[in-house]
Amino acid sequence: MKEYAYFPGCSLEKMASSYHQSAMETTKKLGIKLKELEDWNCCGATTYFYIDELLAYTLCARNLAIAEKTGLDVVAPCSACYKNMYFTAAHLKKDPDLAEHVNFALEEDGLHFNGNVNIKHLIEVFASDISTEEIQSKVSHPLKGIRVAPYYGCQIVRPQKEKENVEQPQFFENILSAIGATPVNYPLKMRCCGGSLIISSRTAALSMVRNLLQCAVDSQASVIATACPMCQVNLEVYQQQVNLEFGTNFSFPVMYFTQLIGLAFGINPKKLGIGKEFVSFAPSLLPVLQE
Amino acid sequence: MEKKEKIGVYVCHCGTNIAGVVNVAEVSKWAGENLKDLGVVISRDYKFMCSSLGQELIQKDIKEQGLTRVVVAACSPHLHEPTFRTACKGAGLNPYLCELVSIREQDSWVHTDKVAATEKAKAIIAGGVSRVVHNEPLTPLMVPIHPATLIVGGGIAGIQAALEIADAGTPVYLVEREPSIGGHMAQFDKTFPTLDCSACILTPKMVQVGNHPNITLMTYSVVEKVDGYVGNFVATIRKHARGIKEADCTGCGICWEKCPKKVMDNVFEAGMGNRKAVYVPFPQAVPKYPVIDRVNCTYYIKGTCKACEKFCPTNAIDFAQEDEVLNVQVGNIILATGYDIFDARRMTQYGYGRLANVYTSLEFERMSNAAGPTGGNIVMRDGKTIPKVVGIVHCVGSRDKNYNEYCSAICCMQSLKFAHLVHERTGAEVYNFYIDIRTPAKGYEEFYHRLLDEGTHFIRGKVAEISDAVRLPGEEGKLIMQVEDTLTGNQLRVPVDMAILSVGLEPRADSKALAKTFGISCSADGWFIERHPKLDPVATMTEGVYIAGCVQGPKDIPASVVQGAAAAARIMGKIQQKEISLEPIRATVNADTCSGCRICNNMCPFNAITFHEDTMVSEVNPALCQGCGTCVAACPAGAISGTGFSNIQILSQIDGLLLLTLDKKKEAALA
């Protein structure tokens, strides 16, 4: 049984509890154990790094130090948590002076970060640690004929880490194909959802959300799949405001990829947090839900 | 005990190049006084040692003072070593008893502290003087030159070189990998800036090559191995089996007419059109004989068909034909193997291969060619819609740190040509997206102005993305080119019907292997390195191997022709001399101390070392050896020594370099 140290992050506690539930259910089905980090704290989210970089690194490094003790790879389901943790680890490894400062602070807590931990996004676990065949073997209710827009968002692949394809990755599409769905050509799949701009510059962010929704409609998708609670909220919850602002008429379901996988695995929709959404999945997923 | 040498030291001012930093008068005086023990009998400084007057100064001293050794402190030996050695020879001194030490490239040009630079010049001269004492008189090796020349690559550069040499009356073997000569130029429609038809100016030359009595044309062939050395190379050439008996074939074309198998032509048609399994790449192919593509031919796959054989009026089809391997002896070699185009799929943001109406420049060349897959009609992938707006992206894969940093030199002019052709044939609106417009040759800038007058839009900015995600009214069904116009500072979304990527030039995918076969070197980019970037652009560091055309770096047709002709001229000069003098700087193996370990055998970059199984010792072939010294350093038994670079010469030079330091220490100790 594969085991990972699991860093849920603040969103998955409440707002994105359906992501948490579906992540747990689907990984369990695949024989993977997500073991929640003990006494974890916020990753610093999108703002802290611009306010005090050193403290933000320290905040992140605390989680990394706790994870390092477990000897397991850390998995973060949220793209922002993942990005913050990945680059904190990378910077601390590259910059011994920064590491010294951070570790000096961590000592207060009896912790030390050596740089020996791998950080993964939850979707990476499905994309590379588990084979397509393993996923396919668990599919009991293939999502036949369901056209899904694979929405990567900006933080899973960027900034570029090594030589991976940051312009046109295909791993999300491959996962969707494995569960029988039809991934559509979604040209804006790598574009930003607006992130926390929705708070500081609402009109600009709403315009970004509108573009993403319009593109999904144009791609003839029936649902957008995401791998990040921030993207999910921006795309789903702000649809009303987009409609008010731009005179559009969007009512487009936005699901976590784990919810789609869960449905294909035949897991009870309730266990996947389905039913808590603002825009119902039911019309687009009717054929699967009925089974 | 050796006799006392009489050494003359000559310090050059090189105008202010050296004298501006190094106090040459002081250096010269110092050498005359302080290096007496080493044998210096005269020391002078002069404004330009390389001038006739400077050389005469040395010659006069050799004759009058009876100098037995000369040290010139001036520029790098790369520049003037031959000058001063020839001067010494003129005065009756063996040229190898003259040593040139560099106090310019290695001193005055790289230092600003005048006092320290002057001290360094003294040290360098002391090193040269200490070394020259141990120099031995050497005689250059003379080897005969075989009059034949091997040219690899039948593009325009290779064709030009072949014709020049063959016209001069000496034999040429022209080897081409594809079934026909012509290269990339044969694929083009028009050539910039004059817009003359590419085929019209190329095919007469191809025909000349095909008919020339002095040219042995070997197409569908590759050079597998090269042995030997300048004047005496032996090249092993594999002629792939065409499946056609050339003696019987008339090139009538019935075989490819009757062949039922259509194959996507990814080479000549750049994937834009089909050919048959038995084919000539294009109607004016030279030679006219077709080739059976065994990978795709139904007979080779299923064992039946033979339609071509059935219909061939002269029974020229030979399915059982085998590759032919032959050895040819040549004196010189020209590599003119050209370039590959940058794979536009690597820049995924431009959508090539994903978005149907994104084209590469080579695809567009084929499309605009009257003999091409669309008959010269500029249409979208559906084969009929004429584009109303076309965007051309410059510098795709070039001038980009993520791909190739260099400028591919031809793309600006090529893009301007495309813009003109699109405008002329479709009346479409054309956008050129450029970083900088580079039109630095005769008639090029005028062509650019012509395009400006034609109303082509020029937007200065690197295209960020080509996308099919439409947003604004009027964008439906279009490709959106997202770009920052850096002249106005505005972000633009330009909707177009067709995008053309002006892809850069890259070294051939197998260029490194080719360089190894011929014993020459590639730059980090993979282009072959010339002997001197300005003054010897077609020779390589390997004697007898020349380069021409894009194999040396991106260039256009005129520049490739110039290089082909230049390489030919260099070789004809060598052939005229009948024999060639080789630098006697060579490695030799002492057979008594050689342990036969063979470590040196594989290290030699020039394949100059052979191992004698009978005597169990290695031997250096002096004509092949380039005197690089690799084996000398590698020999664990110390059995190899390099002429002109013996241990005693090197160690004495080091002693000399340290002389000043030692003197200072002595002084300090005494004080």
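Below, read A as the first sequence line, B as the second, and so on, with proteins coming before strands; counting in each chain starts at 1.
For residues 344-360 of chain B, a heavy-atom distance under 4.5 Å to chain A picks out B:T348, B:Q349, B:R354, given by residue number.
Between A:N185 and B:D468, some side-chain heavy-atom pair lies under the 4.5 Å cut-off.
Within a 6.0 Å radius of CD1 in B:I435, other residues, nucleotides and ligands contribute more than 12 heavy atoms. In A:Q240, the CD atom is not crowded: 12 or fewer heavy atoms of neighbouring residues, nucleotides or ligands sit closer than 6.0 Å. Within a 6.0 Å sphere centred on NZ of B:K262, other residues, nucleotides and ligands contribute 12 heavy atoms or fewer.
Taking CZ of B:R471 as the start and CG of A:L188 as the end, the distance is 8.0 Å to the nearest 0.5 Å. The structure places CD of A:Q160 at 7.5 Å from CG of B:N402, a figure rounded to the nearest 0.5 Å.
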